[in-house]
Amino acid sequence: MQPTRISITVNGKARTVNAYPDEALLWALRDRLGLTGTKFGCGVGICGACSVLINGRRRTSCTVSVSSLRARDEITTIEGLAEDGRLTKLQQAFIDNNGFACGFCTAGMIITATDLLRRRPTPSRKQIIKSMDDNICRCGCYQNIIESIEAASTRRRTAS
């Protein structure tokens, strides 16, 4: 099987990559487009390190083949979340609340939490925990991650 040219939209820009049809989106992002914020963890979609947004919904990029995407699908990676070159409230909350240790899982955590906060701007602690259940943090920063998401949610409420 030969690589083919595949058109995808990543972080608001139309991109073309030469990829094998069954190649995971994760590898196209990292190896072909140089977007290394999306991490390889388990390769089977259970750790959340490779999470991206596809059309606004969280997906594990290691389980999505490049050929399953259409040019009109909007893929957002951690590199694409910044607003006018500034961190989002959620990203800043992770910094302010020490929501990371080694940082390996952080991008996937922030992507998953972004999806949650877009769907549920003021989630309960229980909803946060349930939503984040598919992301693994080897350093065990779960309490700080939950507090970061709660802080971002509170900032949204007070900003409204």
Side-chain angles (χ1 to χ4, degrees), residues 8-12 17 19 21-70 72-83 87-157:
I8 56 177
T9 302
V10 181
N11 299 330
V17 296
D22 60 346
E23 184 173 330
L25 173 60
L26 168 66
W27 300 118
L29 293 171
R30 291 184 59 79
D31 296 344
R32 313 227 186 262
L33 298 176
L35 298 170
T36 58
T38 304
K39 305 295 187 218
F40 172 75
C42 66
V44 293
I46 60 172
C47 76
C50 70
S51 296
V52 297
L53 298 174
I54 299 178
N55 300 323
R57 297 301 308 256
R58 180 235 188 216
R59 299 276 306 275
T60 51
S61 64
C62 71
T63 63
V64 175
S65 69
V66 180
S67 62
S68 71
L69 299 167
R70 297 173 306 279
R72 68 178 179 271
D73 287 333
E74 177 61 40
I75 300 156
T76 305
T77 67
I78 191 71
E79 293 92 343
L81 286 182
E83 299 167 346
L87 296 177
T88 65
K89 288 179 173 91
L90 178 61
Q91 289 170 313
Q92 188 61 53
F94 264 72
I95 292 169
D96 295 345
N97 294 280
N98 299 313
F100 56 90
C102 77
F104 192 83
C105 71
T106 305
M109 294 283 185
I110 289 173
I111 289 288
T112 301
T114 296
D115 180 32
L116 168 66
L117 293 175
R118 285 182 179 165
R119 289 182 293 108
R120 233 180 247 285
T122 56
S124 67
R125 179 171 271 256
K126 187 175 183 177
Q127 290 167 329
I128 291 170
I129 292 168
K130 182 172 175 22
S131 177
M132 301 306 292
D133 197 39
D134 290 333
N135 288 73
I136 297 171
C137 173
R138 293 177 64 183
C139 299
C141 294
Y142 295 110
Q143 184 62 36
N144 294 358
I145 291 165
I146 293 165
E147 289 172 4
S148 298
I149 298 165
E150 288 175 329
S153 175
T154 300
R155 286 180 187 162
R156 285 178 166 209
R157 278 194 300 265

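Just so we're clear, the structure is a prediction, and the values are computed from it rather than from any experiment. For this chain, numbers begin at 1 and follow the sequence in order.
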side-chain contact (heavy atoms from CB on, under 4.5 Å) against A82, all qualifying residues, sequence neighbours excluded: none
Non-neighbouring partners of D22 that pass side-chain contact (heavy atoms from CB on, under 4.5 Å), sequence neighbours left out: M1, Y20
Pairing residues for C42 by the side-chain contact (heavy atoms from CB on, under 4.5 Å) criterion, not counting sequence neighbours: V44, I46, C47
L81 CG to T114 OG1 distance, which is reported to the nearest 0.5 Å: 4.5 Å
Euclidean distance, C137 SG relative to F100 CZ, rounded to 0.5 Å: 11.0 Å
Distance-minimising heavy-atom pair for N135 and G48: ND2-O, 3.4 Å
Side chain to side chain donor-acceptor pair (under 3.5 Å) contacts touching residues 139-148 (sequence neighbours left out): Q143-E147
Inter-residue atom distance I110.CD1 - Q91.CD, 0.5 Å rounding: 5.0 Å
Verdict with reasoning, Q92 to I95, per side-chain contact (heavy atoms from CB on, under 4.5 Å): CA-CA 5 Å; Q92 188 61 53; I95 292 169; 4.0 Å; yes
Set of residues satisfying side-chain hydrogen bond (donor to acceptor under 3.5 Å, both in side chains) with respect to T63, sequence neighbours excluded: T60
Salt bridge (Lys or Arg N to Asp or Glu O under 4.0 Å) contacts in which one or both residues fall within residues 43-70, not counting sequence neighbours: R57-D115, R70-D73
Nearest atoms (heavy-atom pairs only) where G45 meets C62: N-SG, 3.2 Å
D134 and T112, any side-chain heavy atoms less than 4.5 Å apart: no
Closest heavy-atom pair and its distance - C50, S61: O-OG, 2.8 Å
Heavy-atom closest pair, residues S68 and S65: OG-O, 2.7 Å
side-chain contact (heavy atoms from CB on, under 4.5 Å) assessment of I75 paired with L25: CA-CA 10 Å; I75 300 156; L25 173 60; 4.1 Å; yes
Criterion side chain to side chain contact (heavy atoms under 4.5 Å, CB included) against I128, the qualifying member of D133, I145, L116, L117: L116
4.5 Å side-chain heavy-atom contact, F94 and M109: yes
Distance-minimising heavy-atom pair for G37 and A107: O-CB, 3.3 Å
Sequence-distant partners of N11, side-chain contact (heavy atoms from CB on, under 4.5 Å), two or more places apart: L35, T76, T77, E79
Any residue meeting side-chain hydrogen bond (donor to acceptor under 3.5 Å, both in side chains) with R138, in chain and number order, not counting sequence neighbours: none
Qualifying salt bridge (Lys or Arg N to Asp or Glu O under 4.0 Å) pairs, either residue in residues 23-37, two or more places apart: E23-R32
Ring pair (Phe, Tyr, Trp, His ring centres under 6.0 Å) partners for F40, two or more places apart: W27
Closest non-hydrogen atom pair between I78 and I111, with its separation: N-CD1, 3.8 Å
